[in-house]
Amino acid sequence: MKLSALLVACSLLLSTQANANFITNGDFQTCNFNGWSLDTDGNGEPADTSDFSIIDNAGQCSAQISTDNLFPDGFSNTLFTQLDLSSVSDGVTVDLSFDWIFDGDDLKTDALSDAFSVVLNDGFNFETLLFDFQSGSGTFITQLNNSYDGYFLDFILEPGFNAQSFSSTLTIDNVSLVESTAVSAPQTPFLLALGLGVIAFRRSKLMK
């Protein structure tokens, strides 16, 4: 095998190991909810799922959760998936990131307004990752470890409890959970050996 081909193969191998996504269909490019579940206030998937939709923008799909309560009833809508971090070694961190857009008629800064939250839950305990009452958009990033194996990642849209509560939408896309892009310790000796091999190969070529 030529040296250049070997280097390309090794590069692809390390890139694959470093960037394997633990979220199924996190970019929603199947243009459906494969890999995800829907829930309304802990009662399971509602009979009417119109508050959950896929936005297809010329083949670039994203997930959207809506609430349109003219009279506040306290029902929140949740889009969630279960994390499988069983293959992540102890001491290794993974980066969780996603893009979000929160928009609507009732997006103030008081505790009675429409809101969205992103939490990890194991069915009993909740750890809030993000809670934002204001409209806007952005990319959220945080780090996790394998202690969250089996947890559920929940995107929750909660209706307000005031007379001005009308409608809000939460759009989610590019949900990603990958190991750090930094080369991990077990790979470092391999790269060092590869580098020394390249030097030796070049020297042998020059001496011929």
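Because the structure is predicted, anything quoted here is derived from the model rather than measured.
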### Query
Say you draw a straight line from CG of Asn21 to CG of Asp27; how long is it, rounded to the nearest 0.5 Å?
8.0 Å
## Note on the structure
Hits for ring-ring contact (aromatic ring centres under 6.0 Å, His included) against Phe33, two or more places apart or cross-chain, chain-then-number order -> none
### Task
Please tell me if the side chains of Asn34 and Thr24 come closer than 4.5 Å, counting only heavy atoms from C-beta onward.
no
### Message
Exactly one of Trp100, Phe98, Phe80 should register a ring-ring contact (aromatic ring centres under 6.0 Å, His included) with Phe155. Which one does?
### Response
Phe98
### For the student: nearest non-hydrogen atoms of Thr40 and Pro46, plus distance
OG1-CG, 3.4 Å
#### Entry: Between Asp95 and Ser97, a side-chain donor and acceptor under 3.5 Å
no
### Query
What's the spacing between Ile54 CD1 and Cys31 SG if we round to 0.5 Å?
7.0 Å
### Message
Under 4.5 Å between side-chain heavy atoms, counting indirect links through other Ile/Leu/Val/Met/Phe/Trp/Tyr residues: same cluster for Ile101 and Phe116 or not?
### Response
no
### Query
Mind checking whether Val175 and Leu153 have side chains closer than 4.5 Å, heavy atoms only?
yes
### Message
To the closest 0.5 Å, what do you measure between CG (Asp39) and OG (Ser76)?
### Response
7.5 Å
### Query
Any side-chain heavy atom of Phe102 within less than 4.5 Å of one from Ser168?
yes
### Message
Please check: side-chain N/O of Trp36 versus main-chain N/O of Asn25, any donor-acceptor pairing under 3.5 Å?
### Response
yes
### Message
Using modelled atom types and a 3.5 Å cut-off, is there a donor and acceptor pairing between side-chain atoms of Asp154 and backbone atoms of Ile156?
### Response
no
### Query
Does Phe140 belong to the same Ile/Leu/Val/Met/Phe/Trp/Tyr cluster as Leu157, with side-chain heavy atoms less than 4.5 Å apart forming each link?
yes
### Within one Ile-Leu-Val-Met-Phe-Trp-Tyr cluster: Tyr148 and Val94, side-chain cutoff 4.5 Å
yes
#### Entry: same_hphob_cluster(Ile23, Leu129) at 4.5 Å side-chain heavy-atom cutoff
yes
### Task
Please round to the nearest 0.5 Å and tell me the distance separating atom OG of Ser117 and atom CD of Glu158.
4.5 Å
### Query
Judged by atom type as modelled, is there a donor-acceptor pair below 3.5 Å linking the side chain of Gln64 to the main-chain atoms of Leu170?
no
### Task
Kindly compute the distance separating CD (Glu179) from CZ (Phe22), expressed to the nearest 0.5 Å.
4.5 Å
### Query
Taking atom CG of Asn77 and atom OG of Ser66, what is their separation to the nearest 0.5 Å?
8.0 Å
### Task
Give a yes or no on whether Leu85 and Leu120 share a hydrophobic cluster (residues Ile, Leu, Val, Met, Phe, Trp, Tyr; joining criterion: side-chain heavy atoms under 4.5 Å apart).
yes
### Message
Please find the pair of heavy atoms, one from Leu79 and one from Phe28, that lie closest to each other, and give the distance.
### Response
CD2-CZ, 4.1 Å
### Any donor-acceptor pair under 3.5 Å from Gln29 side chain to Cys61 backbone
yes
### Query
Is the backbone N or O of Asn43 less than 3.5 Å from a side-chain atom of Asp41, with the two atoms forming a donor-acceptor pair by type?
no
### Query
Can you find a heavy atom in the side chain of Thr169 that is under 4.5 Å from one in the side chain of Ser167?
no
### Task
Look at the side chain of Asn174 and the backbone N and O of Asp99, then say whether any donor-acceptor pair between them is shorter than 3.5 Å.
no
### Check: Asp114 and Thr67 side chains under 4.5 Å, non-hydrogen atoms
yes
### Message
Would you say that Thr78 contacts Leu38 through its side chain, given a criterion of any heavy-atom pair below 4.5 Å between the two side chains?
### Response
no
### Query
With distance as the sole criterion, is a donor-acceptor pair present between the side chains of Tyr151 and Glu127 under 3.5 Å?
no
### Query
Mind checking whether Leu177 and Leu144 have side chains closer than 4.5 Å, heavy atoms only?
yes
#### Entry: Donor-acceptor contact present, side-chain Asn57 to main-chain Gln60, <3.5 Å
no
### Task
Identify the heavy atoms of Asp84 and Ser86 that sit nearest to each other, and give their distance.
OD1-OG, 2.7 Å
### Query
Hey, does the side chain of Asn146 reach the backbone of Asp149 with a donor-acceptor pair shorter than 3.5 angstrom?
no
